Amino acid sequence: MIPRPAFLNELRRRFSFQKRPATLSLVLVILVWYGIEIGTLYLGWTVAEWQWMFTTEAFPALSPGLIFAIISHDLGNATHILANIAVLWLFAGESEQHMSSPEVVGFFVATALASVTVSSAVTGDSTLGASGGALAFVGFYGAHLFLTHRDTLALDTSDYEVLDEAALRAYWQGALLLFPIGFGLFELVRFVGLVPAGETAVLGHLVGLMLGGGYALGREWLRGS
């Protein structure tokens with residue numbers, strides 16, 4: 001049997017959520033909850049009932065949606081849930097290598113709740129989705145790599161062939177570092193109106209990114225103090 005390159009083994013571990021139990025739990029909860037959302041359609045729920053249960057429509061009045069909005073997703077837009085799961089799989093999974101499992105779950109809940117609450121409070125619109133919590137991991141992981149592990153990053157590929165394992169690792173690390181910056185700038189452009197976008201969703205994205213980066217900065221400051 002021909003041994004697989006270490007990089008491919010690492011990808012296999014990522015796809016199977018090895019050493020990522022908290023990330024797997026978050027993904028499964030979101031998928032099961034999405035099934036429950038779909039089930040309400042067959043129970044004859046009205047739009048008002050659905051929004052009360054799954055969105056922040058009732059804000060500032062109390063409703064289950066103020067909590068469950070962070071794991072609920074738009075039933076008419078499958079890319080919404082798939083994109084959030086993909087971001088969690090990658091960035092929450094990577095972040096979990098630097099966090100405890102309870103910390104991963106607590107971080108997601110806190111940042112996601114802050115994102116939907118700020119979005120609704122500022123814009124007055126209802127919102128739902130795990131985007132704020134998922135993107136908090138994007139902000140955290142990029143900032144954590146730069147603040148804590150920048151001396152061990154191997155980003156120079158000049159000494160390798162394009163498809164060498166070391167070069168692939170360098171491309172991967174570079175992408176994980178640059179994505180938070182690029183996505184954050186893109187969301188800022190959308191927020192100021194240069195690109196048409198829903199203000200509520202964009203604000204939630206930006207809040208999540210900033211909270212994640214701020215958390216990484218705070219952890220590093222506490223570690224060095």
Side-chain angles (χ1 to χ4, degrees), residues 4-31 70-71 82-116 118 129-157 165-187 204-225:
R4 284 178 293 190
F7 186 76
L8 293 180
N9 285 328
E10 187 61 30
L11 281 180
R12 179 182 61 81
R13 285 192 290 270
R14 286 188 172 94
F15 274 112
S16 59
F17 288 94
Q18 290 186 24
K19 298 183 180 179
R20 292 160 171 78
T23 301
L24 177 59
S25 297
L26 289 175
V27 169
L28 290 177
V29 166
I30 289 171
L31 288 173
I70 67 173
I71 54 173
L82 292 176
N84 283 337
I85 286 175
V87 172
L88 284 171
W89 166 75
L90 178 55
F91 286 95
E94 293 299 304
S95 297
E96 193 168 353
Q97 310 314 299
H98 309 276
M99 293 179 173
S100 66
S101 292
E103 187 180 6
V104 168
V105 175
F107 177 79
F108 170 80
V109 171
T111 55
L113 283 174
S115 297
V116 298
V118 171
S131 303
L135 288 169
F137 286 107
V138 174
F140 167 81
Y141 190 68
H144 179 75
L145 276 184
F146 178 76
L147 293 169
T148 309
H149 301 286
R150 59 181 177 274
D151 294 334
T152 62
L153 293 175
L155 302 178
D156 184 7
T157 61
E165 182 179 321
L168 292 174
R169 288 186 180 278
Y171 300 145
W172 181 264
Q173 291 179 337
L176 294 180
L177 275 172
L178 293 175
F179 181 78
I181 299 172
F183 190 81
L185 291 175
F186 175 67
E187 290 297 273
H205 294 171
L206 289 172
V207 170
L209 282 170
M210 289 187 293
L211 288 175
Y215 185 68
L217 184 62
R219 281 173 107 231
E220 181 65 15
W221 178 77
L222 287 174
R223 199 179 84 164
S225 62

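Small disclaimer: the values here were computed from a predicted structure and weren't measured. When a residue number appears, it is its place in the shown sequence, counting from 1.
To the nearest 0.5 angstrom, Ile30 atom CD1 is 8.5 Å from Ile70 atom CD1. Atom NE2 of residue His144 and atom NE2 of residue His98 lie 4.5 Å apart, to the nearest 0.5 angstrom. Note that CZ of Phe146 is 8.5 Å distant from CD1 of Ile181, once rounded to the nearest 0.5 Å.
Checked by atom type and distance alone, the side chain of Gln97 pairs as donor or acceptor with a backbone atom of Lys19 at under 3.5 Å. Using a distance-only test at 3.5 Å, with no hydrogens or angles considered, no donor-acceptor pair links the side chain of Arg219 to the main chain of Leu217. In this structure, Glu96 contributes its side chain and Ala22 its backbone to a donor-acceptor pair below 3.5 Å.
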Does Phe183 form a ring-ring contact (aromatic ring centres under 6.0 Å, His included) with Phe179? I'd like the steps, not just the answer. CA-CA 6 Å; Phe183 190 81; Phe179 181 78; 5.6 Å; yes
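The ring-ring contact (aromatic ring centres under 6.0 Å, His included) test with Phe137 is passed by exactly one of Phe107, Tyr215, Trp89: Phe107.
Of all heavy-atom pairs between Leu211 and Ala114, the closest is CD1-CB, 3.6 Å. The minimum heavy-atom distance between Thr23 and Leu88, with the atom names listed, is CG2-O, 3.4 Å. Of all non-hydrogen atoms in Glu220 and Leu147, the two that sit nearest each other are OE2-O, 3.8 Å. Closest non-hydrogen pair, Gly142 versus Pro180, comes out as CA-CG, 4.0 Å. Considering every non-hydrogen atom in both Ser115 and Gly132, the closest pair reads OG-CA, 3.4 Å.
Scored by the side-chain hydrogen bond (donor to acceptor under 3.5 Å, both in side chains) test, Ser131 finds Asn84 as partners (sequence neighbours excluded).
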